[in-house]
There are 2 protein chains.
Amino acid sequence: MPKHVDPEARRRLVVDALFRVVVRDGLQRTSLRAVAAEAELNIGSLRHYFASQHDLMHFAMQSMLDRVSDRLLDHIDRIGDLSRYPRTEQLRLTVELLAEFLPLDESRHAEVTVFLDFNTATRTNPALRDLSRQTAEGTRHLVHRVLSRLDASGTLRPGLDLTIETERLTALLDGLGLSTVLHPDLLAPQACLDVLVTHLGNLSLPTETLTRGR
Amino acid sequence: MPKHVDPEARRRLVVDALFRVVVRDGLQRTSLRAVAAEAELNIGSLRHYFASQHDLMHFAMQSMLDRVSDRLLDHIDRIGDLSRYPRTEQLRLTVELLAEFLPLDESRHAEVTVFLDFNTATRTNPALRDLSRQTAEGTRHLVHRVLSRLDASGTLRPGLDLTIETERLTALLDGLGLSTVLHPDLLAPQACLDVLVTHLGNLSLPTETLTRGR
DNA sequence: CCCGTTGTATCACAGGCGTGATAGAAAGGC
DNA sequence: GCCTTTCTATCACGCCTGTGATACAACGGG
């Protein structure tokens, strides 16, 4: 016995509309009325599902983070145990995993755009700071874990300071996302990927050593 | 015979106030009234020096970019001909130059904060897009030039793709700035610098080769 | 059928915004 | 001293914002 409307689906619909408005007009111009219009909903309806603007924003940001997180966890699951792959393959898989952070297709481009707008907003918006903080820590943890696994497999060059390398790779991913979102014409998706490949190649042992070590 | 007020100084005063408001409250909440209050000026006065909000914003962004640009050019002048230094010194000088982009002290922190807020705003603000675009290109040119000089001096490892390396280093700088501004507690200035040093060290020939080559 | 819950739709209000218009003060060349 | 230019200060207007209040429709269990 289904209820007339599914509140959860309704919220998703609203949040999707919000994302579209943010991508199109920026978070600054994302008002309740604009979102309602985009969702083809009356503002009264919208407010029935979100008590306040803050509620909507918080829920939207949380939703975005959940989607990214889910996709990453799913990707990690699909990979399984990294150490069972040959080392060159490990690098390829790692690139693919980290590419989830990059705006390489339209969907991820939109996602990174929203991500960026929300996160920069948190600097002066205490209500969302915790979310942003946790995300930043989460990203670092993931990057650190990935690097640790590669290191444990002997794929990386010895003597790397993983703390620094984590920060370096994280900053690289952030910077690539920023550039691509702000200046898509200056940095094509493929170039973005090339940079990531180069970086990981740089952290790893030379190819001949890798293939010998397979 | 000095005029009672120097219009140029007045504008600088207003722009400085605007920067403080942006740092404190974010660009979103930087209204004419807020800037006027921060500058302890009447909004009528403010509007006498800036015909419209757009004028003020454009002038402010241009001013910020000019300051960064001036500081960089000045720094480059101070260095002079890079190739006359030993190679390890070249790296140190390069780190120092590129550190001008990083929020390592309070002044540069504020600057990067404003820079970031303005640039992210340009995504959905056509009025400032050109400025942002030129800046992005300018940064890439500078980074490319620095890498080229190092390469010409034989300080870098051979076989590097400077196009990719330019993008990589630019993204790294952007990412470090972003992290430090959004999460100062997660990435200390010194760590920021460590990452940059590591990166440049990574691009260059091993130290023993460098000292032999001096 | 009836009633409570759920959803939809409006209205009104206070507050902030950029901006046009305007009035008055202050300064400086003549 | 006068007059023009420069500067300061206010008022009012229309627009958009989030939100409280409220009325009305629609559903679904009893």
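Here is the naming used below: chain letters follow the sequence lines, and residue numbers restart at 1 for every chain.
Between B/D55 atom CG and C/dG20 atom P there is a gap of 11 Å when expressed in whole angstrom units. One interatomic measurement links the two molecules: CG of B/N42 to P of D/dT10, which rounds to 6 Å at whole-angstrom precision. Between the P atom of C/dG7 and the CZ atom of A/F50 lies a distance of 12 Å, rounded to the nearest Å. In this structure, A/R29 atom CZ and C/dC17 atom P are separated by 16 Å, rounded to whole Å. Taking atom CG on B/L32 and atom C1' on C/dG20, their separation rounds to 13 Å, with Å as the unit. Rounded to whole Å, atom C1' of C/dA9 lies 11 Å from atom CG of A/L41.
Electrostatic pairing of B/R108 and B/D105 counts as a salt bridge here, judged by a charged N lying under 4.0 Å from a carboxylate O. Salt bridge annotation for A/D117-A/R123: absent, with no cationic side-chain nitrogen under 4.0 angstrom from a carboxylate oxygen. One finds no salt bridge joining B/R157 and B/E165 here, because no Lys/Arg side-chain nitrogen approaches an Asp/Glu carboxylate oxygen to under 4.0 Å.
Side-chain contact check for A/T166 and A/H141: no donor-acceptor pair (N or O, by modelled atom type) lies under 3.5 Å.
A sub-4.0 Å separation between OP1 or OP2 of C/dT6 and a side-chain N or O of A/Y49 is absent. Remark: A/S31 is in phosphate contact with D/dT17, judged by side-chain N or O atoms under 4.0 Å from OP1 or OP2. Residue B/R10 places at least one side-chain N or O closer than 4.0 Å to OP1 or OP2 of D/dT8.
Among the nucleotides C/dT10, D/dT19, C/dT8, the one closest to any side-chain atom of A/H48 is C/dT8. The nucleotide whose nearest atom lies closest to any side-chain atom of B/R47 is, among D/dA9, D/dT19, C/dT19, C/dT19. When distances run from any side-chain atom of B/Q53 to the nucleotides D/dT19, D/dT8, C/dT19, the shortest one goes to C/dT19.
Residue B/L46 is the one, among A/A51 and B/L46, whose nearest nucleotide of DNA chain D lies closer to the 5' end (criterion: closest heavy atom). Along DNA chain C, the nucleotide nearest A/R33 and the nucleotide nearest A/G44 are compared for position; the residue whose nucleotide lies closer to the 5' end is A/G44.
Note on ring orientation: taking the six-membered ring where Trp is involved, the planes of A/H199 and B/H199 are parallel (angle under 30°, cut-offs 30° and 60°).
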